[in-house]
Amino acid sequence: MTEHTTGTREEWLAARLELLEAEKELTRRSDELARQRQQLPWVRIDKDYRFETDEGSASLADLFRGRSQLLVYHFMFGPEYTAGCPACSAIADGFNGSVVHLENHDVAMTAISRAPLAKLQAFKRRMGWSFPWASSFGSDFNYDFNVSVTEEQQREGVVEYNYGSRDVKPVLEAGEGPVADFAALVGTDAAAYTREAPGMSAFALDDGVVYHTYSAYARGVDALWGMYPWLDRAPKGRNETGLWFRRHDEYENG
């Protein structure tokens, strides 16, 4: 016998209708938050960031590829990594198929990582992805948008991320746990692994000028992680007791 609460269809329907009202309120609140995002002031980008892409050297404006809007996923793939972060890889599985739709709605999308382009291209082929992926190797871009830190910043112990300061010493000194597990999965140590962080940023191109409009980090990208909205509707929810997901070509029964 299940230990979960059971009931009649009528009891289920009454509880479901009550939940529906809460879901509708959440949807309305989400719509309002989207409007607030769009009302944020735009910040002009004057620095000449350079990227390496499949088509060659590119500016930030070039990444728009003829559109007026650009979405960037800050993919954790540092120069020392031998493979992309498994969490970022799961997120990329979700947005890979969305790029064609966004491009036909005046929105370009690209991933950006610090690893050299050849590493990104090889991993992209392995994963079977088609989205654009640019290397910011040698650029300030990742540092300026708070998704990478230098070794010196890391040694100081406190780094800026998600609009606040975080103490990285406990994570680096732990020697085991999720960070160590992830580091092993990307072929490096905890220090090199945590010099990168996930996030997304949005930009607008208006009259030849690029503006930064929005960025989100940490749990702020949860909604972009394709499998989690589905799990949130599964009978057992996320049901996580440890690192359970893998890159999609690493599951034994995949």
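No hydrogens or angles considered: nothing links the side chains of Asp54 and Trp133 as a donor-acceptor pair under 3.5 Å. Remark: the Tyr251 side chain and the Arg246 side chain contain no N/O donor-acceptor pair separated by less than 3.5 Å. With hydrogens and angles left out, the side-chain atoms of Tyr143 and Arg114 include a donor and acceptor closer than 3.5 Å. Side-chain contact check for Ser57 and Arg50: at least one donor-acceptor pair (N or O, by modelled atom type) lies under 3.5 Å. No hydrogens or angles considered: a donor-acceptor pair under 3.5 Å links the side chains of Asp144 and Tyr49. When only modelled atom types and interatomic distance are considered, Glu160 and Ser165 share a side-chain donor-acceptor pair under 3.5 Å. A donor atom on one side chain and an acceptor atom on the other are not found under 3.5 Å apart for Ser89 and His248.
With a 4.5 Å cut-off on side-chain heavy atoms, Val159 and Asn146 do not count as touching. Proximity of Leu102 to Val100: side-chain heavy atoms (C-beta onward) are nowhere separated by under 4.5 Å. Leu60 is listed as a side-chain neighbour of Ile45, based on a closest heavy-atom distance under 4.5 Å. By the 4.5 Å heavy-atom criterion applied to side chains, Leu71 and Thr110 are not counted as neighbours. Residues Met127 and Asp249 form a side-chain contact, since some pair of their non-hydrogen atoms from C-beta on lies under 4.5 Å apart. For the pair Ser136/Ile112, a side-chain contact is recorded, criterion being any heavy-atom separation below 4.5 Å from C-beta on. Considering only heavy atoms from C-beta on, His212 comes within 4.5 Å of Phe145 through its side chain. The shortest side-chain heavy-atom distance between Thr194 and Gln154 falls under the 4.5 Å cut-off.
Between Tyr73 and Pro198, the closest heavy-atom pair is OH-CB, 3.8 Å. For the pair Gly157 and Asp167, the tightest heavy-atom approach, listed with the atom from each and the gap, is O-OD1, 3.1 Å. Taking each heavy atom of Arg166 and Ala197 in turn, the nearest pair found is NH2-CB, 4.2 Å.
Atoms CG and CG, on Leu26 and Leu33 in that order, are 9.0 Å from each other to the nearest 0.5 Å. In this structure, Asn96 CG and Ser130 OG are separated by 4.0 Å, a value rounded to the nearest 0.5 Å. For the atom pair Met76 CE and Cys85 SG, the distance stands at 4.5 Å (nearest 0.5 Å). Atoms CG and CZ, on Asn142 and Phe75 in that order, are 12.5 Å from each other to the nearest 0.5 Å. To the nearest 0.5 angstrom, Leu120 atom CG is 11.0 Å from Glu52 atom CD. Residue His74 holds its NE2 atom at 10.5 Å from SG of Cys88, rounded to the nearest 0.5 Å.
The backbone N or O of Glu11 sits less than 3.5 Å from a side-chain atom of Thr8, completing a donor-acceptor pair. A donor-acceptor pair is defined here as one N or O able to donate and one able to accept, closer than 3.5 Å; such a pair exists between the side chain of Thr213 and the backbone of Ala202. In this structure a side-chain-to-backbone donor-acceptor pair under 3.5 Å is present from Lys119 to Tyr81. Side-chain atoms of Asp106 do not come within 3.5 Å of backbone N or O of Arg67 as any donor-acceptor pair. With hydrogens and angles disregarded, no donor-acceptor distance shorter than 3.5 Å links the side chain of Ser113 to the backbone of Ala115. In this structure, the side chain of Glu196 does not engage the main chain of Tyr193 through any donor-acceptor pair within 3.5 Å. With hydrogens and angles ignored, the 3.5 Å screen pairs a side-chain donor or acceptor of Tyr161 with a backbone N or O of Ala218.
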Could you walk me through whether Phe95 and Leu224 pass the side chain to side chain contact (heavy atoms under 4.5 Å, CB included) test, one step at a time? CA-CA 8 Å; Phe95 68 67; Leu224 309 179; over 6 Å; no
Side chain to side chain contact (heavy atoms under 4.5 Å, CB included) between Arg238 and Tyr228, intermediate numbers included: CA-CA 7 Å; Arg238 301 193 178 194; Tyr228 276 119; 3.4 Å; yes
Applying ring pair (Phe, Tyr, Trp, His ring centres under 6.0 Å), run through Phe137 and Phe51 and close with a yes or a no. CA-CA 7 Å; Phe137 185 73; Phe51 306 90; over 10 Å; no
Val179 vs Asp181, test: side chain to side chain contact (heavy atoms under 4.5 Å, CB included). Steps then yes/no. CA-CA 5 Å; Val179 170; Asp181 293 341; over 6 Å; no
Working note: Lys24 + Glu18, criterion salt bridge (Lys or Arg N to Asp or Glu O under 4.0 Å); need CA distance, chi angles, decisive distance, verdict. CA-CA 10 Å; Lys24 287 181 176 180; Glu18 183 177 351; over 6 Å; no
I would like to know whether Glu151 and Arg195 meet side chain to side chain contact (heavy atoms under 4.5 Å, CB included); could you show each step before the answer? CA-CA 7 Å; Glu151 291 184 49; Arg195 283 196 286 273; 3.5 Å; yes
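Ring centroids of Phe203 and Tyr211 are separated by 6.0 Å or more, keeping the two rings apart. Here Tyr163 and Tyr217 bring their ring centres to under 6.0 angstrom of each other.
Sparse packing is recorded around CZ of Arg233, with 12 or fewer heavy atoms of other residues, nucleotides or ligands lying under 6.0 Å away. A 6.0 Å sphere centred on CD of Glu25 holds more than 12 heavy atoms belonging to other residues, nucleotides or ligands.
Each of Glu21, Glu10, Glu23 was checked for a salt bridge (charged side-chain N to carboxylate O under 4.0 Å, His left out) with Arg16, and the lone residue meeting it is Glu23.
A salt bridge links Asp46 to Arg44: one of the charged nitrogens lies within less than 4.0 Å of a carboxylate oxygen. With salt bridges taken as basic N to acidic carboxylate O contacts below 4.0 Å, one links Arg35 and Glu32. Under 4.0 Å is where a charged nitrogen must lie from a carboxylate oxygen, and between Arg28 and Asp31 no such pair does.
With hydrophobic clusters built from ILVMFWY side chains whose heavy atoms lie under 4.5 angstrom apart, Val43 does not share a cluster with Leu63. Tyr214 and Leu205 end up in different hydrophobic clusters when Ile, Leu, Val, Met, Phe, Trp and Tyr side chains are linked at under 4.5 Å. Linking ILVMFWY residues whenever their side-chain heavy atoms come closer than 4.5 Å, directly or via other members, leaves Val209 and Leu40 in distinct clusters. Hydrophobic clustering of Ile, Leu, Val, Met, Phe, Trp and Tyr side chains at less than 4.5 Å, counting indirect connections, unites Ile91 with Trp129. Taken together through direct or relayed side-chain contacts under 4.5 Å among Ile, Leu, Val, Met, Phe, Trp and Tyr, Trp230 and Trp225 form parts of separate hydrophobic clusters.
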